[in-house]
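This report concerns only the one structure given below.
Just so you know, these numbers use all the heavy atoms, side chains as well, and skip hydrogens, waters and symmetry mates. Numbered from 1 within each chain, the chains take letters A, B, ... in sequence-line order.
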Amino acid sequence: MSKTATSNKAQNEKITPRAQDFARWYQDVIMQAELAEPAEVVKGCMVIRPHGYAIWERIQAELDARFKATGHKNAYFPLLIPESFLKREAEHVEGFSPELAVVTIAGGEPLTERYVIRPTSETIIGHFYARWINSWRDLPLLINQWANVVRWELRTRLFLRTTEFLWQEGHTAHATEQEAQEEVLRMLNVYADVAENVMAMPVICGRKTRAEKFAGAVTSYCIEAMMQNGLALQAGTSHDLGQNFSKVFDIKFQNQAGTLEYAWQTSWGVSTRLIGGLIMTHSDDKGLVLPPKLAPIQAAFIPIYRKDEERSAVLEKVNQLAAELKSGGLQIEVDDREGFTPGSKFFHWEQRGVPLLIELGPRDLASGSVVLKRRDGQKQNASAAGLLETVRAVLDSMQSDLLAAAKKRLQENTVTANSFEDVAALLANATAEKGGGKFVAAHVKDDPACDAKLKELKASVRCIPLQDEYDGPGTCIITGESVPQRVIVAKAY
RNA sequence: CGGGCCGUGGCGCAGCCUGGUAGCGCGCUUGCUUGGGGUGCAAGAGGUCCCGGGUUCAAAUCCCGGCGGCCCGACCA
């Protein structure tokens with residue numbers, strides 16, 4: 001092996017180390033893993049490449065199954081929304097108007113009523129719910145939509161914030177406020193479940209402050225995750241809409257007593273932003289790392305051989321083992337490409353985040369074994385007999401190890417502070433590029449003035465945790481008033 | 001949307017200051033070789049130098065305007 005050749009390759013395809021520049025590292029991982037790239041001819045948009053889309057499809061599958069299991073049905077509403085719809089809910093239009101893209105000309109003629117490209121669908125769905133809901137027997141109405149939305153962003157980052165993105169939006173209507181509130185938390189828990197148990201991304205479930213809540217909601221809930229640089233990522237939201245939209249869209253039903261009532265609504269969503277969170281939770285300086293439960297390819301075989309007779313014997317065994325694993329329900333790739341050395345194949349799959357590489361050559365053939373290389377660990381030998389069970393066990397332990405590592409990082413970088421100055425000091429050196437971010441648990445009043453004050457630190461209240469894991473009530477570090485619990489303050493994406 | 005940096009074969013870059021035949025590395029193709037962590041050798045293919053205008057005998061290079069990307073800021077889910 002030539003040293004110059006190696007260093008040339010390294011120089012060309014290197015992934016910037018996290019310690020050097022985390023933001024650059026993030027982009028390098030995406031590019032090297034071929035997950036996505038800037039659309040280039042469409043400002044702020046991205047092309048999600050097949051490998052990136054496969055991850056989205058896995059996330060979709062996990063979520064969709066849970067939506068169905070909780071009684072929801074999928075439907076689809078128009079991409080274009082009459083502009084007047086957005087304007088009906090005052091806070092909603094105020095929140096979204098700066099980021100709307102509007103269609104003004106169609107068929108060569110100016111439109112009498114302009115259409116906005118949906119930034120979210122509460123309004124148009126509200127319009128139809130008003131028609132569909134008449135009786136308490138029509139409730140609850142539990143619908144989800146898989147869709148794209150457009151929000152005109154001034155600054156974009158692949159997956160984390162793009163002008164157009166993919167998401168799901170659940171929209172439900174209920175007969176009582178309590179039912180709606182239960183729904184909001186039920187779906188928040190679905191998000192937390194997928195994040196932690198499938199994506200191995202621990203999250204803090206919480207409530208948003210009044211200043212941070214969704215435009216038009218009564219209360220917004222969220223799951224907040226911590227990235228490897230310590231910055232917070234809002235990974236999902238669930239909103240209690242109260243009767244705000246039902247009042248302006250006239251969504252009324254006759255209750256069992258015969259009187260008309262406005263429906264109680266919720267909406268909840270997660271987006272392709274989750275992929276960004278996934279990347280920044282597990283990946284390393286070698287590239288993407290995917291948790292086994294989410295990986296589109298869970299293991300890849302790398303056959304090793306020299307002579308033709310070795311090749312046929314090795315490939316026969318590899319194909320036999322691959323078939324065994326596939327019949328066990330695993331997603332398996334056999335890399336039998338000619339003209340590539342095993343080493344280059346290792347790098348190829350490693351950069352793409354495949355959890356397990358299975359190496360099999362003449363020596364293994366003779367000894368009836370294989371070599372397993374976990375994406376996050378060392379090589380180990382394993383018997384070819386009973387490989388399915390071995391691989392399942394390895395993938396299971398990798399899944400839990402990734403979650404444990406992420407949880408540990410979250411715990412180690414969560415600190416408490418009892419004064420504004422301490423919060424400021426703790427977050428002073430945190431940046432997206434250099435890391436150093438923390439979750440600071442502090443007592444802060446839910447008051448827009450306090451949110452504004454924290455903004456001076458380029459930080460925000462990420463959430464008011466639903467489960468207070470700290471010390472209960474205390475004195476607000478800004479107003480000095482008594483508040484019921486600590487909140488999470490952090491710099492965020 | 002403001003400030004900074006950037007845009008040259010697929011990728012990473014040099015060339016630009018001082019205008020004069022478009023280069024290098026990687027990748028790609030073919031053949032041989034090699035194969036247990038980015039094999040080696042050889043021969044090839046591949047470029048509207050982001051776009052438009054201007055200056056000039058001549059523009060990748062100088063000037064103006066746009067488009068796009070990255071970072072910072074403001075804004076935002």
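Between A/Phe165 and A/Trp167, the ring planes are perpendicular. Angles over 60° get that label, and only those under 30° would be called parallel.
Between the side chain of A/Glu359 and the base of B/G37 there is no donor-acceptor pair of N/O atoms closer than 3.5 Å. Applying the 3.5 Å distance criterion, the base of B/A77 shares a donor-acceptor pair with the side chain of A/Glu153. In terms of polar N and O atoms assigned as donor or acceptor, the side chain of A/Arg306 never comes within less than 3.5 Å of the base of B/G35 in a complementary pairing.
You'll find that the side chain of A/Glu338 is closest to B/G35, out of B/G36, B/G35, B/G37. Looking at the side chain of A/Ser344, the nearest of the listed nucleotides B/G38, B/G37, B/G69 is B/G38. With B/C76, B/G38, B/C71 as the choices, the nucleotide that has an atom nearest any side-chain atom of A/Arg161 turns out to be B/C76. In this structure, of B/G37, B/C1, B/G36, it is B/G36 that holds the atom nearest to the side chain of A/Ile304. Side-chain proximity of A/Leu154 to the nucleotides B/C1, B/G36, B/G35 is greatest for B/C1. Of the candidates B/G35, B/G36, B/A77, B/G36 carries the atom nearest the A/Arg363 side chain, counting heavy atoms from C-beta on. Considering only the side chain of A/Gln351, B/G38 comes nearest among B/C71, B/C70, B/G38. Distance from the side chain of A/Lys455 is smallest for B/C76 among the nucleotides B/C70, B/C76, B/G37. In this structure, the nucleotide among B/G36, B/A77, B/G37 sitting nearest to the side chain of A/Arg151 is B/A77. Closest to the side chain of A/Lys379, from the set B/G36, B/G37, B/U39, is B/G37.
When both distances must be under 3.5 Å, the Watson-Crick or G-U wobble mate of B/C70 is B/G4. The base-pairing partner of B/G19, taking Watson-Crick or G-U wobble contacts with both distances under 3.5 Å, does not exist among the strands shown. Nucleotide B/G44: paired with B/C28 (Watson-Crick or G-U wobble, both distances less than 3.5 Å). In a base pair of the Watson-Crick type (N1 to N3 plus N6-O4 or O6-N4) or a G-U wobble (N1-O2 and O6-N3), with each distance short of 3.5 Å, B/U56 is matched with no nucleotide. Nucleotide B/G35 has no partner under the Watson-Crick or G-U criteria, as no pair reaches both atom distances under 3.5 Å. In this structure B/A14 sits in no base pair that meets the Watson-Crick or G-U test at under 3.5 Å.
Nearest-nucleotide assignment on RNA chain B puts the 5′-proximal partner with A/Pro362, out of A/Thr162 and A/Pro362. Where A/Leu365 and A/Gly95 each meet RNA chain B at their nearest nucleotide, the meeting point lying more 5' is that of A/Leu365.
Here A/Val41 lies out of heavy-atom contact (under 4.0 Å) with every strand. Within 4.0 Å of A/Tyr26, counting heavy atoms only, lies no atom of the nucleic acid at all. At the heavy-atom level, A/Pro342 lies under 4.0 Å from the strands shown only through sugar-phosphate atoms. A/Phe340 comes within 4.0 angstrom of a nucleotide base, judged by non-hydrogen atoms across all strands. Note on A/Lys345: nothing from the nucleic acid sits closer than 4.0 angstrom, heavy atoms only. Residue contacts shown for A/Thr237 are absent, as no nucleic acid heavy atom lies under 4.0 Å away. At a threshold of 4.0 angstrom between heavy atoms, the contacts of A/Gly44 are confined to the sugar-phosphate backbone, with no base atom among them. Using a 4.0 Å heavy-atom criterion, one finds that A/Phe96 contacts no nucleic acid atom at all.
Atoms OG1 and CD, on A/Thr162 and A/Glu153 in that order, are 8.0 Å from each other to the nearest 0.5 Å.
In this model, no donor atom of one side chain and acceptor atom of the other lie less than 3.5 Å apart for A/Ser267 and A/His239. Looking only at atom types and distance, the side chain of A/Ser246 has no donor-acceptor partner in the side chain of A/Gln265 under 3.5 Å away.
The side-chain tip of A/Arg18 does not point at the ring of A/Phe22 from less than 6.0 angstrom away and within 45° of straight on.
Taking 4.0 angstrom as the limit, A/Lys458 places a side-chain polar atom (N or O) nearer than this to OP1 or OP2 of B/G73. Note on A/Gln27: a side-chain N or O is less than 4.0 Å away from OP1 or OP2 of B/C71.
Here the two rings, on A/His72 and A/Trp268, have centers that are under 6.0 Å apart. Between A/Phe214 and A/His92, the distance separating the two ring centers is shorter than 6.0 angstrom.
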